[in-house]
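Heads up, the thing below is written out as C-alpha cells.
This chain uses plain numbering: 1 for the first residue, then up along the sequence. Hydrogens, waters and symmetry mates play no part in the numbers below; they use all other heavy atoms, side chains included.
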Amino acid sequence: MDRSPTREVTIVSPPPPPVTVIGIGADGWDGLGPVAREALRTAEVVIGGRRHLGLLPPECRGERVPWPSPLRPAVPGLFAAHTGRRVSVLASGDPMFFGIGRTLAELLGAERLRVLPHPSSVSLACARLGWALEETEVISLVGRPLATLNRELYAGRRLLVLSAGAETPAEVAGLLGDRGFGPSRMRVLEQLGSAAERCVEGTADKWPHPPADPLNVIAVDCAPADGARPLSLTPGLPDTAYDHDGQLTKRHVRAATLAALAPAPGELLWDVGGGSGSIAVEWMRAHRTCRAVSVERDPVRAERIGRNADALGVPGLTVVTGAAPDALSGLPTPDAVFIGGGLTAPGVLEACWAALPPGGRIVANTVTLESEALLADRYRRHGGDLVRLAVSHATAVGAFTGWRQAMPVTQWSATKPLDSRGPGGHAADPAGFVEAAQGETR
C-alpha cells in the first residue's frame, strides 16, 4: 500500500492578456505604425469612441464596442465582461495626455496596460507653429469650464487650448476680449495630421471665422490691451479683484495667511467660513492641481464665492452651503484647514483639528476677543504659532499724511504631529475627491 504523502497541486491561472491602448490621429489607419496595426487586426474586442471606431478598415474583425456614458463608472464592468479576450482601446493622440490612458491606469492598474502612443494634437500643433513644447501652456476645455482660461492670461504667454468643439474658438475669443486681451493673436488648427488639415487666424477682438471643424486646437499669443493689468499668481491679490460685501480677508493678511497654509501641488484645503472665498481662490491659484472646498452658511455669499472663483480662473472650487461643523461631515480629508469665520460656534475648532491627517496644517484668524481666547487656548494645547498681524495705511490728515490702522488680526497656525497617526499609520486618503478627467473619448 502506497503511504507516500499526498502532494497538493497548485494551479496558477495565466495572467489576463494586456489591454493595448492605441493612440490614433486624424489621419486614421494610415498614420498607425505596424505594431499598432497588428494589435488592432488581432484584437477580439476594440473599444473606443464612435469616431475612432469608424476609422478602422474591414480587416479589423474584432467586436467594436463604443464607450458608454457616463464613462468612468462603467469601465470596470465593461472590461470584466471581456475577461480573457484580446482587447484594444482606441484613443486620440497620446492616451496618457488628457486621455483615457490615465483613467484605465487608475481603474485597471498600470501593469495591465500596453500603451502605444501617437503624436498628440499638442505636439503636432507646436510642430506647425514652431513653438517649444516645454514653454507652451496647455489648457483643456474638454468637459471643463471656459473660465479655466482666466488664470492663464499673461502678456507674452503662449497657450494651446484643447477645444471642446466647433464653437470653442469664438467662445475663447469672447473671453479674451472681456478680460482685456482682445489684441491676442489666435490660430485655430483643424484636423491636425489629416489630409483636411487647415489653419485659420485672427485677433480675439475681431474674430472673423464662423464655427467650422469640431476637431481643433486653439493657439493663443497673449497680448493685453492698453490699460489691462493681469493679476499675479502670488498670494495677496488686490481687494478690488473680489466681489464682496465686506467679508473679505484683506490683502496683506491674506498673503500672510496663505504663507502659513503653505499650499503644495495636489493638496486639498477646507476654507471654513468662506466669506468671499479669497483664501480658497488664492490657494487654488498657487498651482493648477491644488483643490479647495469653501464652506459658507450664507447662500448669497456662497453664490458670490462661485462667481469669484470663475472670474479668477479656478472654477473647480467646490462651494458647500451650510454651517460648520455640520457642513463638514462627509467632506474629503483636507491637507490644510483655514477658519476665517464661525470660530465661536460649538465644535468648529474641534472638528477641523480632528479632520486633519498627521502633518496637516491649520490656520485660524480672528479680530474678536472671544475668538482670540479660543485661539490662545489652542496654542497652549497644540503649540504652533500665535501672532498678531497689524496693518496700517497712509491716509490724508488734513493737508498732511498719517497712518490709519486696520483692526489687528490674531492668527493661530499649527501642524498636526506625525505621532497622531491612527491604526496602520495612515490618515484618510483624499484621492477619491479627484474628479475623473472628462472628454477622454474625443
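- With hydrogens and angles disregarded, a donor-acceptor distance shorter than 3.5 Å links the side chain of R64 to the backbone of L53.
- In this structure D298 satisfies the side chain to side chain contact (heavy atoms under 4.5 Å, CB included) test together with E296, V300, R301, sequence neighbours excluded.
- Looking at W270, its side chain does come within 3.5 Å of a backbone N or O of P332 through a donor-acceptor pair.
- Put simply, CG on L269 and CD on E267 are 9.5 Å apart, with the number rounded to the nearest 0.5 Å.
- Among residues at least two apart or in separate chains, salt bridge (charged side-chain N to carboxylate O under 4.0 Å, His left out) pairs with a member in residues 200-219 are R185-E201.
- Here the closest non-hydrogen pair linking W29 and I24 is N-CD1, 4.3 Å.
- Rounding to the nearest 0.5 Å places CD1 of I305 at 11.5 Å from OG1 of T318.
- A donor atom on one side chain and an acceptor atom on the other are found under 3.5 Å apart for S163 and N216.
- Atom-to-atom distance recorded for L317:CG and L312:CG is 10.5 Å, nearest 0.5 angstrom.
- Of the possible donor and acceptor atoms, one in the side chain of E44 sits under 3.5 Å from a partner among the backbone N and O of R86.
- At least one side-chain heavy atom of T136 sits under 4.5 Å from a side-chain heavy atom of C126.
- Side chain of R157 to main chain of E152: a donor-acceptor pair is present (N/O by atom type, distance under 3.5 Å, no hydrogens or angles).
- With sequence neighbours excluded, the residues satisfying side chain to side chain contact (heavy atoms under 4.5 Å, CB included) with A155 are P224.
- T83 places a side-chain N or O within 3.5 Å of a backbone atom of A80 that can act as its donor or acceptor partner.
- A distance of 14.0 Å separates OG in S232 from CZ in R229, rounded to the nearest 0.5 Å.
- Residues passing the side chain to side chain contact (heavy atoms under 4.5 Å, CB included) test with R254, sequence neighbours excluded: L237, D239, Y242, L248, T249, R251, L258, S278, I279, E282.
- With hydrogens and angles disregarded, no donor-acceptor distance shorter than 3.5 Å links the side chain of K416 to the backbone of G360.
- Closest approach of L231 to P238, counting heavy atoms only: CD2-CD, 4.1 Å.
- By the neighbour-count criterion of 12 heavy atoms within 6.0 Å, atom CZ of R61 is sparsely surrounded, having that number or fewer from other residues, nucleotides or ligands.
- Atom CG of L159 and atom CG of L153 lie 6.5 Å apart (nearest 0.5 Å).
- In plain terms, the two heavy atoms of P117 and D94 that are nearest each other are CB-OD1, 3.7 Å.
- Proximity of a side-chain donor or acceptor of T42 to a complementary backbone N or O of E38 within less than 3.5 Å is detected.
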Applying side chain to side chain contact (heavy atoms under 4.5 Å, CB included), run through R72 and T103 and close with a yes or a no.
CA-CA 7 Å; R72 189 179 179 94; T103 297; 3.7 Å; yes
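- At least one donor-acceptor pair under 3.5 Å links the side chain of R361 to the backbone N or O of A262.
- Contact between V75 and L108 at its shortest, heavy atoms only, is CG1-CD2, 4.4 Å.
- Among R151, R288, R158, the one residue that satisfies the side-chain hydrogen bond (donor to acceptor under 3.5 Å, both in side chains) test with E137 is R288.
- Between the side chain of N150 and the backbone N or O of D310, at least one donor-acceptor pair lies under 3.5 Å.
- W207 places no side-chain N or O within donor-acceptor distance of the main-chain N or O of G202, the cut-off being under 3.5 Å.
- Residues T148 and P315 have side chains in contact (heavy-atom distance under 4.5 Å, counting atoms from C-beta outward).
- In terms of the side chain to side chain contact (heavy atoms under 4.5 Å, CB included) criterion, residue partners of L374 (sequence neighbours excluded) are, by chain and number, T344, L349.
- Sorted by first and then second residue, the salt bridge (charged side-chain N to carboxylate O under 4.0 Å, His left out) pairs with a member in residues 160-178 form an empty list; sequence neighbours excluded.
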Begin from the C-alpha positions of E63 and R85 and carry the test salt bridge (Lys or Arg N to Asp or Glu O under 4.0 Å) through to its verdict.
CA-CA 11 Å; E63 178 186 354; R85 305 177 75 187; 3.2 Å; yes
